[in-house]
**Student:** 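To start, I am sharing the structure in question, which I have written as structure tokens.
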Amino acid sequence: MTRLFSYSRVCSLALLTVGLTSTFSVQAASLEQQRTWYEQAQNAFSANDMAVFHQEKTKLGGYALYPYLEYREFNAQLETQKPSQVKVFIEKYKMLPFSQTIKTRYLNQLVSTGRWHDFLAMQPAVPRNTALQCAFYYAKEKTGKTALAWQGAEKLW
């Protein structure tokens, strides 16, 4: 009886080992597949094949680099975004390095297009960046807050 018990333990351990090994193989293949889909999505975006880009992107919801696909797409459509949409995007990905980059790019775009109300909606407080401070006070002047704009301009000079 002792021998049968030992045999059954050995068989159980062998089955467990085979099961774990096959699980790791499936996970590795899955990760490899995700990498392939990610690369295909990136290539499709670069080729402006948005149908394939979206097809591949939808397969990658849980993939670690998925936010970078989102960023790339959002960034390409930045000029059509409203401040509220940009704020939501930044909040969603605030822990990733591109969140501040996209905010700065958006603010600079608002400056270059003269969207002063949107600039102030996106940046209600004085920014740290000197160039954006200048734009901030200019936006204040353009939106009728002339006294505040001149006070700020004096601080910059």
Side-chain angles (χ1 to χ4, degrees), residues 16 19-157:
L16 179 63
L20 288 175
T21 303
S22 64
T23 300
F24 290 132
S25 296
V26 168
Q27 288 176 345
S30 177
L31 181 59
E32 197 57 43
Q33 183 62 61
Q34 287 178 328
R35 288 178 181 150
T36 300
W37 290 333
Y38 181 80
E39 187 176 337
Q40 289 170 345
Q42 290 282 36
N43 292 339
F45 190 90
S46 294
N48 204 26
D49 187 347
M50 298 314 281
V52 172
F53 172 76
H54 287 289
Q55 178 184 344
E56 299 304 318
K57 185 178 137 191
T58 57
K59 298 174 187 176
L60 293 165
Y63 187 55
L65 296 178
Y66 178 82
Y68 291 90
L69 294 175
E70 291 270 283
Y71 166 72
R72 195 161 182 204
E73 182 177 25
F74 192 83
N75 195 40
Q77 302 166 351
L78 198 56
E79 33 184 84
T80 63
Q81 303 297 334
K82 296 177 183 169
S84 59
Q85 294 168 306
V86 176
K87 285 178 183 179
V88 167
F89 186 84
I90 290 169
E91 180 61 28
K92 182 176 180 181
Y93 295 117
K94 66 184 172 192
M95 299 305 288
L96 295 174
F98 60 71
S99 66
Q100 280 308 109
T101 302
I102 205 154
K103 181 178 181 181
T104 301
R105 285 195 69 241
Y106 186 63
L107 289 170
N108 286 324
Q109 184 176 309
L110 294 174
V111 169
S112 68
T113 56
R115 292 170 53 194
W116 304 115
H117 287 284
D118 287 343
F119 182 93
L120 293 172
M122 187 68 198
Q123 184 66 54
V126 179
R128 288 184 279 181
N129 177 300
T130 305
L132 289 177
Q133 284 178 18
C134 185
F136 176 83
Y137 291 120
Y138 189 72
K140 290 287 188 184
E141 196 273 327
K142 286 295 193 184
T143 57
K145 300 200 173 44
T146 308
L148 183 59
W150 280 107
Q151 288 173 358
E154 286 176 359
K155 290 177 190 175
L156 287 173
W157 291 332

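Since this is a predicted model, take the numbers as computed values, not measurements.
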**Student:** Not counting sequence neighbours, list each pair that qualifies as a salt bridge (Lys or Arg N to Asp or Glu O under 4.0 Å) and has a residue in residues 120-144.
**Tutor:** none
**Student:** Applying side chain to side chain contact (heavy atoms under 4.5 Å, CB included), can you list everything that pairs with N108, at least two apart in sequence or on another chain?
**Tutor:** T104, L132
**Student:** Got a sec, which residues hit salt bridge (charged side-chain N to carboxylate O under 4.0 Å, His left out) with K94, two or more places apart in sequence or on another chain?
**Tutor:** E91
**Student:** Throw together a table of side-chain donor-acceptor distances under 3.5 angstrom for residues 59-68, partners on residues two or more places apart or in other chains.
**Tutor:**
residue	atom	partner	partner atom	Å
K59	NZ	E56	OE1	3.4
K59	NZ	E56	OE2	3.4
Y66	OH	E70	OE2	3.3

**Student:** Show every salt bridge (Lys or Arg N to Asp or Glu O under 4.0 Å) that has at least one partner inside residues 99-108, sequence neighbours left out.
**Tutor:** none
**Student:** So, Q34 and Y38: side-chain donor and acceptor under 3.5 Å apart, yes or no?
**Tutor:** no
**Student:** Of all residues at least two apart in sequence or in a different chain, which pass the ring pair (Phe, Tyr, Trp, His ring centres under 6.0 Å) check with F53?
**Tutor:** F45
**Student:** So do the side chains of Q40 and Q55 get within less than 4.5 Å of each other, counting heavy atoms only?
**Tutor:** no
**Student:** Hey, is the main chain of A125 close enough, under 3.5 Å, to the side chain of Q123 for a donor-acceptor pair?
**Tutor:** yes
**Student:** Please collect all salt bridge (Lys or Arg N to Asp or Glu O under 4.0 Å) contacts where either partner lies in residues 37-47, sequence neighbours excluded, each pair once.
**Tutor:** none
**Student:** List for me each residue that meets salt bridge (charged side-chain N to carboxylate O under 4.0 Å, His left out) alongside R35, sequence neighbours excluded, and say none if there are none.
**Tutor:** E32
**Student:** Got a second to check how far I102's CD1 is from F89's CZ, nearest 0.5 Å?
**Tutor:** 5.0 Å
**Student:** Side-chain atoms of residues 114-122: list all donor-acceptor pairs with protein atoms under 3.5 Å, sequence neighbours left out, distances to 0.1 Å.
**Tutor:**
residue	atom	partner	partner atom	Å
R115	NE	D118	OD2	3.0
R115	NH1	E79	O	3.4
R115	NH2	Q81	O	3.3
R115	NH2	Y106	OH	3.4
R115	NH2	D118	OD2	2.9
W116	NE1	G114	O	3.4

**Student:** Could you pull out all residues at least two apart from V88 that satisfy side chain to side chain contact (heavy atoms under 4.5 Å, CB included)?
**Tutor:** none
**Student:** Take Q109 and L107, measure what side-chain contact (heavy atoms from CB on, under 4.5 Å) needs, and give me the verdict at the end.
**Tutor:** CA-CA 5 Å; Q109 184 176 309; L107 289 170; over 6 Å; no
**Student:** Got N43 and D49 here, is their nearest side-chain heavy-atom distance under 4.5 Å?
**Tutor:** no
**Student:** Assess whether side-chain contact (heavy atoms from CB on, under 4.5 Å) is satisfied between Q133 and K155, documenting all intermediate values.
**Tutor:** CA-CA 10 Å; Q133 284 178 18; K155 290 177 190 175; over 6 Å; no
**Student:** Applying side chain to side chain contact (heavy atoms under 4.5 Å, CB included), can you list everything that pairs with S99, at least two apart in sequence or on another chain?
**Tutor:** I90
**Student:** For a quick test of your reading: what N or O donor-acceptor pairs under 3.5 Å do the side chains of residues 145-152 make, sequence neighbours left out?
**Tutor:**
none

